[in-house]
Q: 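Please see the structure below; I have some questions.
For ligands, and for the atoms within them, numbers begin at 1 and follow the listed sequence.
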Amino acid sequence: MSDEMSFADYESRLDRSIKVKAPDFSTGERLRHLIFSGQFTRPMLDKLCRLADKIRLLAKSNEGHRFLNTLLSHKRAMLYFTQPSTRTFMSFAAACQILGMTCNEVRDLSVSSEAKGESPFDSMRMFSSYFDLVIMRSHIPKFAECCGYMMNHLASTQQRSVPILNAGAGSDEHPTQALLDIYTIQRAFSFTDPKDSRQWTRYDELRESFPGLRKGIVGKTIGFCGDIRRGRTVRSLAQLLALHDQIRLVFVSPAHPTLALPRDLKDKLIDAKVDVRECHSLLDTFDGKPLIEQLDALYMTRIQREHNSAEEEAELKDLDYSQFKLTKSLVARMKPYAAILHPFPRDKEFGEIPPAIDEDPRAHYFRQARNGMWARAALVAHIFDVDGEINDYHEQYNSERQIAPQ
Ligand code: CP
């Protein structure tokens, strides 16, 4: 392979299954790069969620915050985002800062030498010269994956190489969104409450009405509503939910091939023993009961109109979308503990979740966005192998303060 990289160098690797590719992006049990959500195993997910909880707790105190801040103060991160982002960009920057890293950014190619004809691969090598981590949302499909291969090649030839984190681009996957979604769902299904005491817990109270209710994701019914086929977050999250037992996933979308559940994802989920249902309205019933009353969580999505071809634009504009929007009266019928999620941005014109729902305790989407910061801090700590130090410090911190393990 020449030193001047191009897509042609990687083409033959891109079409392999994720199972075959995943070892290219890990060193043993530890991720070297994060490109796909399929790289997460169930034990790894559980470990990252526990680590995110510990970082969240430690960051609340001055002392814990100072400790976290020393961990990676010798490292620098480049945030290379050439597609729009609010949450992923900000929460990654905040996550790096929590761990003491300094950050720099390229968000506009007109101020980069790519505007003078530099190849994106050369740009990436320059980033790896000055920084220790590249977090990227590129406009070029599969570019994060190719950069992972390029960094591996550089490492194998004793040249400078840094980890690559895919921050979700185009129709590629969005693995860190899936991580923060799982973290949010796990927290929602811990059924804890700040008022929990020896005499009363929210979980015990819920079990009076729902005797079979179990903590955690196992056995839950989770709905996805809206643009199922084009929602990269739906694809990534559904596959992580499939790592849990007895999961039922209900996909609610207009019956149009541009928006409905794609066959390949459906087959993957069925192979993973997920009970997959499809319906075409939030008002539908299944197994003789209204869908909305059966959901433990509902993941709303935006209809991604910006991806419509001219033909799709014409076909999709006349669909009736009213049954893919949440209303206060629908939320009132949901279980009292059900979690409403949305990766955001929501579409203020379309109105899949009107702001009138924001104050409902079941609305988790702002907490979900904040969880992105803790989950991404856990991921960065894992990548740089400082998770052990956080675990040790947290144990000592708890024992000094006699905080019961969560
Ligand atoms: N959820 C998400 O990826 O949001 P941004 O596009 O704002 O980063």
Q: Quick test of your reading of the model: are E352 and K348 salt-bridged, counting only N-O distances below 4.0 Å?
A: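 Salt bridge between E352 and K348, a charged N being under 4.0 Å from a carboxylate O: no.
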Q: Minimum distance, heavy atoms only, to atom 4 (O) of ligand 1: which one of R302, Q368, R87, H342 is it?
A: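 Nearest heavy atom to atom 4 (O) of ligand 1 lies in R87.
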Q: Can you confirm, on distance only, whether ligand 1 has an N/O atom lying under 3.5 Å from any N/O atom belonging to F344?
A: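 Min N/O separation from ligand 1 is below 3.5 Å for F344.
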Q: What atoms in ligand 1 come closer than 4.0 Å to a heavy atom of P343?
A: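 Those atoms are 1 (N).
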Q: Ligand 1 and P345, any nitrogen or oxygen pair closer than 3.5 angstrom?
A: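 So ligand 1 has no N or O lying under 3.5 Å from an N or O of P345.
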Q: In plain terms, say whether R305 and D347 are close enough for a salt bridge, that is, a side-chain N and a carboxylate O under 4.0 Å apart.
A: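 Yes, this pair counts.
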Q: May I ask whether M90 has any heavy atom positioned less than 4.0 angstrom from an atom of ligand 1?
A: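 The answer is no, since M90 has no heavy atom less than 4.0 Å from ligand 1.
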Q: Could you tell me if K215 sits above the aromatic ring of F191, with its cationic atom closer than 6.0 Å to the ring centre and no more than 45 degrees from the axis?
A: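 No, K215 does not sit over the ring of F191.
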Q: Between K289 and D287, does at least one N-O distance fall below 4.0 Å, as a salt bridge requires?
A: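 No.
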Q: Would you mind running through ligand 1 and noting each atom that sits below 4.0 Å from a heavy atom of R137?
A: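 The list of qualifying atoms is 3 (O), 5 (P), 6 (O), 8 (O).
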Q: What atoms of ligand 1 come within less than 4.0 Å of a heavy atom belonging to T88?
A: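 It comes down to these atoms of ligand 1: 2 (C), 3 (O), 4 (O), 5 (P), 8 (O).
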Q: Going by an N to O cut-off under 4.0 Å, is there a salt bridge joining D387 and R50?
A: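 Salt bridge flag = no for R50 with D387.
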Q: Cut-off 3.5 Å, side chains only: do T184 and N371 have a donor facing an acceptor?
A: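 Side-chain D/A pair, T184 to N371: present.
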Q: Look only at interatomic distance and state if H174 has a nitrogen or oxygen under 3.5 Å from any nitrogen or oxygen of ligand 1.
A: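 Yes, since at least one N or O of H174 sits under 3.5 Å from an N or O of ligand 1.
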Q: What atoms of ligand 1 come closer than 4.0 angstrom to any heavy atom of Q177?
A: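 Atoms satisfying the 4.0 Å criterion: 1 (N), 2 (C), 3 (O).
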Q: Determine whether the side chains of Q177 and T233 contain a donor N or O and an acceptor N or O closer than 3.5 Å.
A: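 There is no such pair (donor and acceptor under 3.5 Å, judged by atom type) between the side chains of Q177 and T233.
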Q: Against heavy atoms of T86, which atoms of ligand 1 measure under 4.0 Å?
A: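 Heavy-atom distances to T86 below 4.0 Å select 5 (P), 7 (O), 8 (O).
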